[in-house]
Amino acid sequence: MFKTEVYVNRRKKLKKNFKSGALLFLGNDESPMNYPANPFHFRQDSSFLYYWGLDEPGVAALIDLDEGKEIIFGYDFTIDDVVWMGPQPTLKERARKAGIKEVYPISKLETAIRGIMNRGRKIHFLPPYRPENMIKLQNLLGIQASLIKNYASQKMIKAVVAQRSIKSQEEIQEIEFALDVAYDMHTYAMKYTRPGMYERQISGAIEGIALAKGNGTSFPIIFSIHGETLHNHYHGNLMNKGDIAVNDSGAESLEHYASDITRTIPVGGKFTAQQKEIYQIVLDAQMQSIAAMKPGVKFRKAHLIAAKVIAGGLANLGFLKGDLDEIVKGGAHALFFPHGLGHHMGLDVHDMEDLGEEYVGYSDKVKRSDQFGLAYLRMAKELEAGHVMTVEPGIYFIPELIDLWKSEKKFSEFINYSKVEKYRKFGGIRIEDNVLVTKNGHKVLGKPIPKKIQDVEAMWE
Ligand code: GLY
Ligand code: MN
Ligand code: MN
């Protein structure tokens, strides 16, 4: 946990947005893998961690604005628990670390909520994403579980998003820690990925690094010679000389902050001439979009810069033809770059995605495009100092998408399908870094992980 005052101050800032009512926070429960006593690795809800710090299942918290109270509800461990789990601090001791003096058994939460509702006051809560919390809210509030999301408090969502979007110094330090672990994961993969190995030999080893140095991975590892599948979690392919492997992986710090890095590496230590050409375009797109990042600039602009660099590079190689602005405006480049440039990162790798991308990345003024590719952009609005964003352009040759577009003659005025056909087995290349927006510009966080062609090749031992 951070120091007590961090949590006290975070709640103080949040409370300034409200005059009355109550703010309800539900922590996460253990989630059974195949039977209740064999749960998945426990992960606390990120907003609960942010405001209350308690990293344990079965807790809830309430800010009663009218009564001026902050309360944690949870469990004290029984002697049976202690026999299986070892000695545990009391709920009171645990809550005190977050600056909370008032604690009750979780069984009292319902009475507390009823009391507030009976006085006609509003209960604000965030949209739940776990079924058990939907059921809990159904029981507490009397709203059908399947509809509960519609009743989440927009006011609370907006206040939490505004606050969590701006990272403080101690949060940046945690992200840098997670990036140190990612450095080790990625340089390991660069050194030891060999022809004749299965992908899982590398993905398993780097997951081990994340577990040994931090709190495990921040999302399931993508390590694949089929990088054209954007989120490819299959690790069973045999790797051969000439293949390229997309390694999109990151770690969680001990306080649960994420890193999210992608590098694309040659399985045999050297890129082919064709791979180098495509790789350099992706790297140029990444560097040029990062260069544009500063407060006030829309992240959509950075995305479109990357799109134009990709379109220009692919036009030089003969995959595209025609006016670059028209290609990007129409979305023809999305055959090769079908996803968004990046997303907020913090306690969640896609930070606050549970609260709704429309709040995190869009606003009343900045609306989501419905164009294929651009529609996947998770964040379009203006950057602010303190934002931490991923920047992750890529070029992919997705056979199914090529076939579909070709059959529809889609953008045939811009796309040279006969050239594209020759690359249908190419795979994909993505390069991703984590960037802090500063007062005057930006800073790429973490120790530099090799990404220039010669630097990646030089890592092979
Ligand atoms: N790690 C998944 C992503 O880059 O969004
Ligand atoms: Mn990633
Ligand atoms: Mn990412």
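When a ligand or atom number is given, it counts from 1 through the structure's own listing order.
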Between Y7 and Y51, does the ring centroid distance fall short of 6.0 Å? no
Within the 4.0 Å heavy-atom shell around H343, which atoms of ligand 1 are there? 3 (C), 4 (O), 5 (O)
Go through it in stages, so that I can follow the logic: the residues are L341 and S289, the test is side-chain contact (heavy atoms from CB on, under 4.5 Å), and I'd like the CA-CA distance, side-chain angles, deciding distance and then a yes or no. CA-CA 9 Å; L341 183 64; S289 49; 3.8 Å; yes
Testing D433, I429, D248, T187 for side-chain contact (heavy atoms from CB on, under 4.5 Å) with R263, which one passes? D433
Would you say NZ of K419 has more than 12 non-hydrogen atoms from neighbouring residues, nucleotides or ligands within 6.0 angstrom? yes
Above 12 or not: heavy atoms from other molecules or residues under 6.0 Å from NZ of K301? no
May I ask you to check whether F223 and H235 place their ring centres under 6.0 Å from each other? no
For atom 5 (O) of ligand 1, what is the closest protein heavy atom, and at what distance to 0.1 Å? H350 NE2, 2.7 Å
For ligand 1, is there an atom lying under 4.0 Å from some heavy atom of V349? no
Atoms of type N, O or S from protein under 2.8 Å of the Mn ion (ligand 3), total 4
Would you call the rings of F337 and H339 parallel, tilted or perpendicular, where under 30° means parallel and over 60° means perpendicular? perpendicular
Check whether Y50 forms a cation-pi arrangement with R10 (NZ or CZ under 6.0 Å from the six-membered ring centre, at most 45° off the ring normal). yes
What are the atoms of ligand 1, with element, lying closer than 4.0 Å to any heavy atom of E392? 3 (C), 4 (O), 5 (O)
Step by step, would you call R43 with E252 a salt bridge (charged side-chain N to carboxylate O under 4.0 Å, His left out)? CA-CA 11 Å; R43 179 54 159 79; E252 225 183 62; 2.9 Å; yes
Taking only heavy atoms of E432, which atoms of ligand 1 are found under 4.0 Å from at least one of them? 4 (O)
Can you name the atoms of ligand 1, numbered from 1 with element, that are less than 4.0 Å from a heavy atom of H231? 2 (C), 3 (C), 5 (O)
Could you establish whether D260 and ligand 1 come within less than 4.0 Å of each other, counting only heavy atoms on the residue side? yes
